[in-house]
Amino acid sequence: MINLQAIDPRLSRFDPLERVFFYDDFDEGIRGWSELIGNYEHSLDSMLPEYSDMRPPMLSNLSMWDTGTAGSMEGSYALKLATRARAGSLATSIKRQTFRRRGQIQLECYFTFKPEASELRLSLDDVRAFGVLFDLQDGMNPEFRWMPHLRYLNAVEDEMINRWQVKGQTRPFHNIGDSGETVSHFHLGPENWDFVDCPAQTLCYNEIATKMNWHYLKVKLDLAKRRFIGFQCNDLVYAGEALKHISIPAMPNLNCMLNTAFWVETNRDKRAFLYVDSVLLSGVF
Amino acid sequence: MAVRRSYTAIVERNVEWSGEFATEPYEAAWASEAIFFVRALEVSPDFDGGLAYVQISADGIHWADEGSEFDLPTKKNAVTFCKVRHFGGFLRIRGVTGGKTSLVVLVSLALKE
């Protein structure tokens, strides 16, 4: 491993593979993390309704009503995803790239999540879940599009869950519009999530909704073998059997796709927030 | 020379406003200028206009009128806008459509350092 600390002290908190593909510190701007939208044809009304309102990301300095600005982990600004104040509302942000070689890739980030501080109470179970997903397709002569999803299920209604989950199946594809050229499928619904074979993990919440502690997440994939190898969140390391992922036949215009997305889902009629201080995607390529 | 950073957020898309409305809170402490654009995707036949008001907030929860107001568009694909400066941290617009009339909007918030 090269000595990244000698190059940039901000990178010394990451454990990248041999080449850095992108490193996004949101003090420098939005850096390609856009709102996710569903496919449509002729009219926005043709979109699957689940995709119609996935909320724009923003740059937040974590300003709280009671203590003012916290800033991000490393600087002033973090990427912020904010749901609507409606139970089940999702906010999603995606970065769209392509790859040049089917090697291993690894995503690392520092994140935190909270409900909106609109009530003066613990609010521990107000965020339902957050997660990271990849949307990938082979390059030349592709066989598969595959979509590893990893989410932390914090709570469902009044029950704390605190478990990591993966998803092995998406919903059926729908034709969009009338040309026969456009399809869509919704893959972030509440169904078909399986618990990862690892202990529950209670992430540091820190008592009230205006105190944020930053967490580390690392996810590793093998593009050549189409394997979801494992992940680490703080001191929890999953290195067991390859994890389940969504796999579907390759699609006509997605070759070499390397999309990465974050999302957050609220458990109450209250906004849920996911903040990402910085994200680094490295690989062997 | 470094260029100025800018970002456009679509704060509402294909949403119907009928009666009172308010956009979701949007954080923009990094920006020094903003423009709210409201484009009418559909307008009900009897829609006779309305006003939108800019609001600011220190925390995204408690809101105050900023003082700027602007007309809502009255024809399909018409666009109205409002420029805002010196707004602190959070921005939104609120307003009301008249009677039982409605319009379907796409609201863009264009921000610049």
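Per chain, numbering begins at 1; letters A, B, ... match sequence-line order.
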For [X], which atoms come within 4.5 Å of any heavy atom of chain A: side chain, backbone, both, or neither?
X: Val15(B); answer: side chain
X: Leu109(B); answer: neither
X: Ala29(B); answer: both

Handout entry: Closest-packed option against chain B by number of heavy-atom pairs under 4.5 Å, given Glu28(A), Met47(A), Glu116(A), Met58(A)
Key =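 Greatest number of close heavy-atom pairs with chain B: Met58(A).
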
Practice task
Heavy-atom pairs under 4.5 Å with chain B are the metric here; pick the option from Ala117(A), Pro57(A), Ser76(A) that has the most.
Solution key: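 Answer, by heavy-atom pair count under 4.5 Å with chain B: Pro57(A).
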
Practice task
Find the one option among Pro25(B), Ala28(B), Gly60(B) whose heavy-atom pairs under 4.5 Å with chain A are most numerous.
Solution key: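 Sorted descending by pairs with chain A, the first entry is Pro25(B).
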
Exercise for the section: Specify which of Glu24(B), Arg5(B), Glu12(B) makes the most heavy-atom pairs with chain A at under 4.5 Å. Expected result: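 Among the listed options, the one with the most contacts to chain A is Glu24(B).
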
Exercise for the section: Please test Glu27(B) against Lys80(A) for salt bridge (charged side-chain N to carboxylate O under 4.0 Å, His left out), starting from the C-alpha separation and ending with a verdict. Expected result: CA-CA 9 Å; Glu27(B) 280 202 62; Lys80(A) 177 184 180 182; 2.8 Å; yes

Measure distances from [X] to the heavy atoms of chain B and classify the residue's part below 4.5 Å as side chain, backbone, both or neither.
X: Leu59(A); result: both
X: Asp66(A); result: neither
X: Asn61(A); result: both
X: Ser52(A); result: backbone
X: Thr83(A); result: backbone

Exercise for the section: Could you tell me whether a side-chain N or O of Arg55(A) sits under 3.5 Å from a main-chain N or O of Val11(B), the two making a donor and an acceptor? Expected result: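 It does hold such a pair.
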
Practice task
Could you tell me whether the side chain of Tyr26(B) and the main chain of Pro56(A) form a donor-acceptor pair under 3.5 Å?
Solution key: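 Not at all, since once roles are kept as given, no pair shorter than 3.5 Å links the two residues.
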
Handout entry: Which atom of Trp33(A) lies closest to which atom of Tyr7(B), heavy atoms considered
Key =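 The answer is O-OH, 4.4 Å.
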
Problem - Contact check, side chains of Arg13(B) and Leu44(A), non-hydrogen atoms, under 4.5 Å - result: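 They are in contact (side-chain heavy atoms under 4.5 Å apart), so the answer is yes.
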
